[in-house]
Each structure stands twice: as structure tokens, then as C-alpha cells.
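Written out below as C-alpha cells is the structure these notes cover.
Computed from a prediction, not measured in an experiment: that's the story for all the values here.
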Amino acid sequence: MSNSGTDLEKAARALEDISDLPRDEWCEEIEAFCDPLGYYEPLSASHSAAFLDEKPRLLVSFDTYERTTERTQKGYPQGMMLAAHNGWSSLTLINHGSDAESWFRGPEIYRYFDRLVDDGFFEDFDQVVFYGAGPCGYAAAAYSVVAPGATVIAVAPQATLEGRLSSWDTRFPGTRHMDFTSRYGFAPDMLDGAEKAYVLYDPKVTEDAMHAALFHQPHVTRMPLRHFGSDPEYEMMEMGALSPLLIAAMEGRLDQRAVTRAMRNRRKNTGYMRRVLADLSPTERPVLTALLCRHVLKKHKSATRFRRAYEAAKAKLDERGITLAQKEDA
């Protein structure tokens, strides 16, 4: 099934937009793309696996129909396309069922990974990276146990939704009767075989911070992303940060510096800047508020919220007889 990276990249670039297709037709298009280059395998009524073969590096990612069709340019899974454009193999686990099935729990999926282990599938690759976000981040961590020595990147993952351990997380009522205690269950424990794991989350989102705290092994690095909100993956995609992170992980150079560099464009991201502004007060922290708003207004002159906050902060500084120039010089 081996194909040159050039052939795979050309095939990816030639794809039509499938983001508006119904689920069944969407799955058929994914299958049509994968068949000549790897395989597409239904695992259950709601899950499938898509493999594209381009050794020696493998990106294993988890995605959903809704997330993919809403967020990617042509409606194909993010991990699959990123791997294709970088000359990597990709194994994409896809949920095309309900939201409650986004954690990839089920015997059909267990058996699929068991079979990969029995066949020595992961031993054919020099480098393996698991990636996912939210429920898919849980799955990336949980199933990484099948590939000892892998690197794992989980964005705002749940550690578990088993009632006795996570009764404080009430965001997903549809998972109340799901099994998180049997095989591939408690995600932090499943990371024991990973070489390195990175958990990215916004510490101001209480539930995400509490889940992140459960990933506490020495080889796990927790990376707070302040002001990225409850959906950090979306913000990372918007600012072009996700691709550099996965490339750094695949090349074995992912660290705090690489994360900081990848997030550099956050200062141009409106959603991020709004959340920073929400943490400031024009009357209590007028200098920082004014500087932030002035930065945004240079590029977005019609940003009404920032304009009002800037004027309120300036009025407070005028009351105190302070100018921004004085503070900048200081």
C-alpha cells in the first residue's frame, strides 16, 4: 500500500469540498479517498477507521463528522489532511454517529486496536503521535497505550466521565450510562507507555483544569493556554497553531518554547483578545486595558467593544492625570 508522499499530497490537494454532504455520502467520499492509498474500515454503525500509508511516521487522530465538516476547509479530517501534506501515514478514527459516542467507547473499537497490536501494526513506524481534542483528546490518551513510546497531544481532554471520579463535570449528560471503567478506560493510566504526553487546556475553564490535574505522571506536561476558552482546538486552528504543534511533536522537538512560538498569532485572534479584555477592568486596570484596546483598534477600527473599553480606560487615566506615554516610558 506504500505510496510516495508526492502522490498522496497531490491526491489531497485535488479533493473536492465534501463539508455539506450528508453523513452517509460523506463517509463514502472518505472511503473513496482512502481505498487506493490505504483502507477505510467501518467498525460499528457509528465509527470507522481510515488509514493512509506513507511510512515511517504515523499520526493517529480522532475526529467526528460534526467537528470535521464544520471546521476544515474541505470537510476532511484535520489529522488526515495534515499528515497527507507532510508525507506521513495517518490513522483516523471517526465518529459519524451521535455526540454521546464521541469518546470512542465500545467493544468494536477495542477489538480493532487489539487487532492492530496483534498484527504489530505500530511497530512498522519510527515515530507515532496520537492527537485529539475534547472527547477525542480523551480517546487519543486512552488508546495511546497500544503504541508504547508514542507521543500524545490531548487538547482539553476528559480524564474519565465515570460518575464516582467526575461527578463535578455535568457538561455531558448523555454519557451518564456509558462505561468508562472497563478496557481503555481511565485515560491518565493509559499514558503510562507513552514516551511523552502533552495536555493543553485553559486553566480558567474549571472542568478542563480539574481533568488536566488528573494527568499527573512525570512524563506528562500540562500546558495552560490562558484565554483560549472551552474550545482551545478551535482557537488553535483559527490562529494556525495546530499544524506547527503536530509537526514539532512528529519531529521530536515539542516543548514549551515550541508551544509559545506556535501560539504567537493569538494576538491577532479576535476571540482570544476579547477574552483577555474580559479579564481586565477599564477602571481598575486602565493602563493595560488601554494598551490592549489600542493594539486591537490599530487593525480593527470598528471593534465597538474595544473602542468603548479604550475610551473608559482613557477617561480613568485622565482623572488620575496619567498619560499612556508616561506609562510606556516607565
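In summary, Lys196 and Asp255 do not engage in a salt bridge, as defined by a charged side-chain N under 4.0 Å from a carboxylate O. Taking the charged nitrogens against the carboxylate oxygens, Lys316 and Glu319 do have a contact shorter than 4.0 Å, which makes a salt bridge.
Tyr198 and Met210 sit in two unconnected hydrophobic clusters of ILVMFWY residues. Membership requires side-chain heavy atoms under 4.5 Å apart, directly or through other members. Leu82 and Met239 end up in the same hydrophobic cluster when Ile, Leu, Val, Met, Phe, Trp and Tyr side chains are linked at under 4.5 Å. Leu165 and Leu161 are assigned to two separate hydrophobic clusters, defined by single-linkage of ILVMFWY side chains at heavy-atom distances under 4.5 Å. Side-chain heavy atoms closer than 4.5 Å link hydrophobic residues (I, L, V, M, F, W, Y) into clusters, and following such links, even through other members, never connects Tyr272 to Val205.
Shown here are the ring pair (Phe, Tyr, Trp, His ring centres under 6.0 Å) partners of Phe104, two or more places apart in sequence or in another chain: His47, Phe62. For Asp318, the side-chain contact (heavy atoms from CB on, under 4.5 Å) criterion is met by Lys314, not counting sequence neighbours. The side-chain hydrogen bond (donor to acceptor under 3.5 Å, both in side chains) search around Glu101 returns Ser46, Ser98, not counting sequence neighbours. The side-chain hydrogen bond (donor to acceptor under 3.5 Å, both in side chains) search around Ser102 returns Asn95, not counting sequence neighbours. Qualifying side-chain contact (heavy atoms from CB on, under 4.5 Å) partners for Tyr234, counting only residues two or more places apart in sequence or in other chains: Arg71, Asp231, Glu238. With sequence neighbours excluded, the residues forming a side-chain contact (heavy atoms from CB on, under 4.5 Å) with Arg23 are Tyr65, Glu66, listed by chain and number. In terms of the side-chain hydrogen bond (donor to acceptor under 3.5 Å, both in side chains) criterion, residue partners of Thr181 (sequence neighbours excluded) are, by chain and number, Asp179. With sequence neighbours left out, Ala197 forms a side-chain contact (heavy atoms from CB on, under 4.5 Å) with Val152, Leu191, Val220. Under the salt bridge (Lys or Arg N to Asp or Glu O under 4.0 Å) criterion, Asp202 pairs with no residue, sequence neighbours left out. His227 pairs by the side-chain hydrogen bond (donor to acceptor under 3.5 Å, both in side chains) definition with nothing, not counting sequence neighbours.
Rounding to the nearest 0.5 Å gives a distance of 12.0 Å between CZ of Arg222 and CG of Leu200. Expressed to the nearest 0.5 Å, how far OG of Ser243 lies from CG of Leu245 amounts to 9.0 Å. To the nearest 0.5 angstrom, Leu59 atom CG is 7.0 Å from Ser90 atom OG. Atom CE of residue Met190 and atom CZ of residue Phe215 lie 11.0 Å apart, to the nearest 0.5 angstrom. The CD1 atom of Ile94 sits 7.0 Å away from the OG1 atom of Thr68 when rounded to the nearest 0.5 Å. To the nearest 0.5 Å, atoms CD (Glu41) and CZ (Arg115) are separated by 4.5 Å.
A heavy-atom distance below 4.5 Å is not found between the side chains of Val146 and Val60. Side-chain contact between Leu93 and Leu43 is present, with at least one heavy-atom pair separated by less than 4.5 Å. Residues Met263 and Met223 have side chains not in contact (no heavy-atom distance under 4.5 Å, counting atoms from C-beta outward). Side-chain contact between Gln217 and Pro188 is present, with at least one heavy-atom pair separated by less than 4.5 Å. Residues Leu225 and Arg266 have side chains not in contact (no heavy-atom distance under 4.5 Å, counting atoms from C-beta outward). Side chains of Phe33 and Leu52 form a contact here, defined as non-hydrogen atoms less than 4.5 Å apart.
The 12-atom threshold is not exceeded at CD of Glu16, counting heavy atoms of other residues, nucleotides or ligands nearer than 6.0 Å. Heavy-atom neighbours of Arg176 CZ from other residues, nucleotides or ligands within 6.0 Å: at or below the threshold of 12. Residue Arg171 places its CZ atom among more than 12 non-hydrogen atoms of other residues, nucleotides or ligands, all under 6.0 Å distant. In Asp24, the CG atom is not crowded: 12 or fewer heavy atoms of neighbouring residues, nucleotides or ligands sit closer than 6.0 Å.
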Return all side-chain donor-acceptor pairs below 3.5 angstrom for residues 125-138, not counting sequence neighbours, or 'none' if the list is empty.
residue: Gln127; atom: NE2; partner: Ala249; partner atom: O; Å: 3.2
residue: Gln127; atom: NE2; partner: Met250; partner atom: O; Å: 3.3
residue: Tyr131; atom: OH; partner: Glu233; partner atom: OE2; Å: 2.7
residue: Tyr138; atom: OH; partner: Arg105; partner atom: NH1; Å: 3.4
residue: Tyr138; atom: OH; partner: Tyr184; partner atom: O; Å: 3.2
residue: Tyr138; atom: OH; partner: Gly185; partner atom: O; Å: 2.6

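Applying the salt bridge (charged side-chain N to carboxylate O under 4.0 Å, His left out) definition to pairs two or more places apart or across chains, those involving residues 268-281 are Lys204-Asp279, Arg226-Asp279, Glu235-Arg275.
Minimum interatomic distance between Ala313 and Pro286 (heavy atoms only, all atoms of both residues): CB-O, 3.4 Å. Closest non-hydrogen pair, Ala209 versus Pro203, comes out as CB-O, 3.8 Å. Across all their heavy atoms, Gly75 and Asp17 have their closest contact at N-OD1, 4.3 Å. Annotation for Ala139 and Trp103: closest pair CB-O, 4.1 Å, computed over non-hydrogen atoms. Across all their heavy atoms, Ala83 and Ser89 have their closest contact at CB-O, 3.8 Å. Pairing each heavy atom of Pro157 with each of His211, the nearest pair is O-CB, 3.4 Å.
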Next item on the list: Just do the side chain to side chain contact (heavy atoms under 4.5 Å, CB included) check on Val155 and Phe228 with the steps written out, would you?
Entry: CA-CA 11 Å; Val155 179; Phe228 274 62; over 6 Å; no
Next item on the list: Could you walk me through whether Ser48 and His96 pass the side chain to side chain contact (heavy atoms under 4.5 Å, CB included) test, one step at a time?
Entry: CA-CA 8 Å; Ser48 56; His96 39 82; 3.4 Å; yes
Note to self: If you apply the rule side chain to side chain contact (heavy atoms under 4.5 Å, CB included), what do you find for Leu116 with Leu91, and how did you get there?
What the structure shows: CA-CA 11 Å; Leu116 293 182; Leu91 176 62; 3.8 Å; yes
Notebook entry, point to check: Are Met273 and His295 close enough, and set up right, to give a side chain to side chain contact (heavy atoms under 4.5 Å, CB included), and what steps lead you there?
Noted result: CA-CA 10 Å; Met273 300 307 284; His295 168 76; 3.7 Å; yes
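Proximity of the aromatic rings of Phe180 and Phe186 is defined here by a centroid distance below 6.0 angstrom, and this criterion is not met.
Each of Leu291, Val287, Leu292 was evaluated against Leu280; a single residue qualifies, Leu292, per the side-chain contact (heavy atoms from CB on, under 4.5 Å) test. Checked options Trp88, Tyr40, Tyr39; the residue passing with Phe51 is Tyr39 (criterion: ring-ring contact (aromatic ring centres under 6.0 Å, His included)).
The main-chain N or O of Arg67 is found under 3.5 Å from a side-chain atom of Thr64 such that the two form a donor-acceptor pair.
Side-chain contact of Arg183 with Tyr110: a donor-acceptor pair under 3.5 Å is absent, judged by distance alone.
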